[in-house]
Amino acid sequence: MLFYVVLLLLGAGAYYYHFTANRKKIIERLEVVAQRRRDDLAKNVEETRRIADKLDPKRRDYVGGLDFIQLQNELQKGTVTCVEAVRTYFHKAILAHEKTNAVTCFILEADQQAEELDEKAKQASYVKPPMFGVPLSLKECLKVKGYDTTRGFVQDAYRPATEDSIQIEHYKKLGLIPFCQTNVPQSLLSYNCSNPLFGTTTNPFDSTRTCGGSSGGEGALIGGRGSIIGIGTDVGGSVRIPCHFTGTAGIKPSKMRFAHRGGGASVPGKPMIDANDGPMAQDVKANVEFLRNVWGDIDFQSDRDPYCPPVHWNESLYSSEKKLRVGYYIDDGWFTPTPALQRAVLESKKHLENAGHTVIPFYPPRLTKVMQLYFRAVCLDGGQYVLNKLLKDIIEPTIRFQVTLWMVPTWVQRILSYPVSLVFPRMAVLMQSLTRDTFELREAYADIEAYREEYVGMMMKDNLDVILCPASVMPAPQHDIPSKVVSGVSYTCLYNLLDFGAGVVPVTTVSKSDEEKLINEYPETDKWYQTVKKATIGAIGMPIGVQVAAPPFREEAVLRTMREIELAITGK
Ligand SMILES: CCCCCCCCCCCCCCCCCC(=O)NCCO
């Protein structure tokens, strides 16, 4: 017996020695690559600055002061040129990048593309596309020919995409000019924004706090006024959480509304948790104008990707005079949001009622079960795919906590969940979430199908058009918090599990009385609540958004509701 124990220990020791020695070698090699990539970025920024500086500062201030619709109109009229638009946003993006570290690469050809478009516009026969010359920022994971899509993995640096994805091709056809790529958290499966290649992107309102993720670079850049519109991706909240954290507006459409051919995914082979790309901008108006043009011309994408149905922009749904029926909730029963987030929903409810809409309570059923299903289906192999990739890379310190969770074998998590349930029941729920076998995974998929039916059945029974609810559980926290509170995505991941269209519109900022309420009334019943409470203290002034969601192919109703809230708040 002793012999076997000694043999086992020796075997384990040898494995550990080999594993750490191998990791050391990998890290040493990748650190050289990461340093080279960062040096290249510094040169790229200087080259961009040289181009941006060619534009007269007075002209730059003028162009930079235009909102999306104004800029679009001036470009159409020819009173602003494409070169002026691109150089202005090169300049503004550098300023935002210097503050937040949002950009991973400037696309220098944007300047040349702008010159070519200006040249074409001189021909009398040339018909300008609808978004002629508007600069567009892109989350780093989107495929642009000649540019990396590392998703924050150092191992993927210097492996540029060989083609534009269909979506990018389409945006160029509509006249948009991709001008930079923006930062993401390593693996994209986090709502912070740090990786070992490009470092940490910070919130433009407070650098000690995260801009959110995974489309965090977009949030920081647009919130920091360095871009007028950008594209993010969302499998659990990655468009909506950065919008909420940075005071920007964006929407994750249901999966089928864009072509995915030639694109990429954070975890390929993951049905039932539907991801999509989506626009993010400084206001809802810009999102509407962007999608009106993209979906107005969706045949371009459908023709190139037969899995994308030719569902056109539904103007009658967006512009309908018919009053809406809205279901709302301020607490999903899984994670009570901090006071400012609840207040934002109640204020939005008032705005919608003042506009004549009917707003009634709605209770999303069984969120505890939903969280288990979400984590089971998003980490469908127990996190193995992502973990394998992470173990071949430098692991980002701010997601180490969640990586450690992935490293604990599922059966160990299951056994430990029983004692943990006595002191931390919500954690025990997640410890039982990662799948043991395909039988359990199939059951989870069946449960998700049943849940989708139940949820839309409840909405139909009350004749509801849209749902209004919090965008998250807290305002932007410090950079290490998302990995410690992975359970905090319940408000957004629900609508990936349902594959609804869901968007976020900025509504308010954290006030002093929100903070007093937080200190006096917010629960401290478990570690997650204590962490969220502590992270929210000191967040006075941070932006707060609300979320609006509707079943697939009703994104126009979501946008209409978001726009009505925006109009009531800003008056424009
Ligand atoms: C104790 C057991 C815990 C099991 C779970 C372990 C970690 C789970 C990590 C998954 C985190 C998912 C968060 C999602 C955030 C948003 C991601 C997103 O939308 N990405 C966009 C990709 O296109």
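Only heavy atoms go into these numbers, but all of them, side chains included; no hydrogens, no water, no symmetry mates. Numbers here are sequence positions counted from 1.
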request  = Could you please spell out the steps behind the side-chain contact (heavy atoms from CB on, under 4.5 Å) verdict for I565 and V507?
outcome  = CA-CA 8 Å; I565 295 170; V507 164; 4.0 Å; yes
ask   = Is there a side-chain contact (heavy atoms from CB on, under 4.5 Å) between M427 and K527 once you walk through the steps?
value = CA-CA 9 Å; M427 179 56 138; K527 187 75 186 152; over 6 Å; no
request  = Please assess L464 against Y328 for the test side-chain contact (heavy atoms from CB on, under 4.5 Å), listing each intermediate value before the final yes or no.
outcome  = CA-CA 10 Å; L464 295 177; Y328 84 98; over 6 Å; no
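- Shown here for F500 and A550, the closest heavy-atom pair between the two residues is CB-O, 3.1 Å.
- None of L559, V558, I467 except one satisfies the side chain to side chain contact (heavy atoms under 4.5 Å, CB included) rule with V548; the exception is V558.
- Looking only at side-chain heavy atoms (C-beta outward), D206 and F245 stay at 4.5 Å or farther from each other.
- A salt bridge links E566 to R563: at least one charged side-chain nitrogen sits closer than 4.0 Å to a carboxylate oxygen.
- Counting only N and O atoms by type, the side chains of T531 and K484 include no donor and acceptor under 3.5 Å apart.
- The two residues R376 and T435 come nearest to each other via the heavy atoms CG-CB, 3.9 Å.
- The line from OG1 of T248 to CZ of R225 is 8.5 Å long, rounded to the nearest 0.5 Å.
- At a threshold of 4.5 Å between non-hydrogen side-chain atoms, the residues N276 and H260 count as touching.
- Taking the six-membered ring where the residue is Trp, F362 and Y329 present tilted rings, their angle falling between 30° and 60°.
- A salt bridge does not link K285 with E289: every distance from a Lys NZ or Arg NE/NH1/NH2 to an Asp or Glu carboxylate oxygen is 4.0 Å or more.
- A distance of 8.5 Å separates CG of L430 from CG of L405, quoted to the nearest 0.5 Å.
- Inter-residue side-chain proximity for V235 and K270 is flagged as met; some heavy-atom pair is nearer than 4.5 Å.
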query = Stepwise, does the side-chain hydrogen bond (donor to acceptor under 3.5 Å, both in side chains) test hold for T336 with D331?
reply = CA-CA 5 Å; T336 302; D331 190 334; 2.8 Å; yes
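- When all heavy atoms of I251 and L291 are compared, the pair lying nearest together is CG2-CD1, 3.6 Å.
- With a 4.5 Å cut-off on side-chain heavy atoms, M371 and C493 count as touching.
- A salt bridge between R414 and E440 is present, with a side-chain N of the basic residue lying under 4.0 Å from a carboxylate O of the acidic one.
- Between A249 and V505, the shortest heavy-atom distance links the atoms CB-CA, 4.5 Å.
- Salt bridge status for D462 with R325: absent, with no side-chain N to carboxylate O gap under 4.0 Å.
- Relative to the ring axis of Y529, R426 places its NZ or CZ within 45° and under 6.0 Å from the centre.
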Going by atom type alone, with no hydrogens or angles, which donor-acceptor pairs under 3.5 Å involve a side-chain atom of residues 538-545 and a protein atom two or more places apart or on another chain?
none

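- Y522 does not carry K533 over the face of its six-membered ring by the limits of under 6.0 Å from the centre and within 45° of the normal.
- In this structure, the separation between OG1 on T233 and CE on M280 is 9.5 Å, given to the nearest 0.5 Å.
- For the side-chain hydrogen bond (donor to acceptor under 3.5 Å, both in side chains) test with E353, the passing option among H351, K349, K350 is K349; the others fail.
- Separation of the W528 and F424 ring centroids falls under the 6.0 Å cut-off.
- For N314, the side-chain contact (heavy atoms from CB on, under 4.5 Å) partners at least two apart in sequence or on another chain are S316, L317, E556.
- Counting only heavy atoms from C-beta outward, the side chains of C180 and L221 approach each other to under 4.5 Å.
- In this structure the side chain of Q547 reaches within 4.5 angstrom of the side chain of Y495, judged on heavy atoms.
- When every heavy atom of V184 is checked against every heavy atom of N195, the shortest pair comes out as O-ND2, 2.8 Å.
- In this structure the side chain of V532 reaches within 4.5 angstrom of the side chain of F335, judged on heavy atoms.
- No side-chain heavy atom of D332 sits less than 4.5 Å from a side-chain heavy atom of L494.
- Under the side-chain hydrogen bond (donor to acceptor under 3.5 Å, both in side chains) test applied with S194, the options T201, T200, T202 reduce to a single match, T200.
- One distance of note links CG of L352 with CG of L468; it measures 6.0 Å at 0.5 Å rounding.
- A salt bridge does not link D277 with K139: every distance from a Lys NZ or Arg NE/NH1/NH2 to an Asp or Glu carboxylate oxygen is 4.0 Å or more.
- In this structure, K389 forms a cation-pi arrangement with F153, its terminal cationic atom sitting closer than 6.0 Å to the ring centre and no more than 45° off the ring axis.
- Put simply, the side chain of H97 gets close to the backbone of V103: a donor and an acceptor are under 3.5 Å apart.
- Rounding to the nearest 0.5 angstrom, the gap separating the OG1 atom in T210 from the CG atom in N203 is 7.0 Å.
- For N287 against A281, the heavy-atom pair with the smallest separation is ND2-CB, 3.8 Å.
- With hydrogens and angles ignored, the 3.5 Å screen pairs no side-chain donor or acceptor of N183 with any backbone N or O of T104.
- Distance check: S254 OG to N496 CG gives 11.0 Å after rounding to the nearest 0.5 Å.
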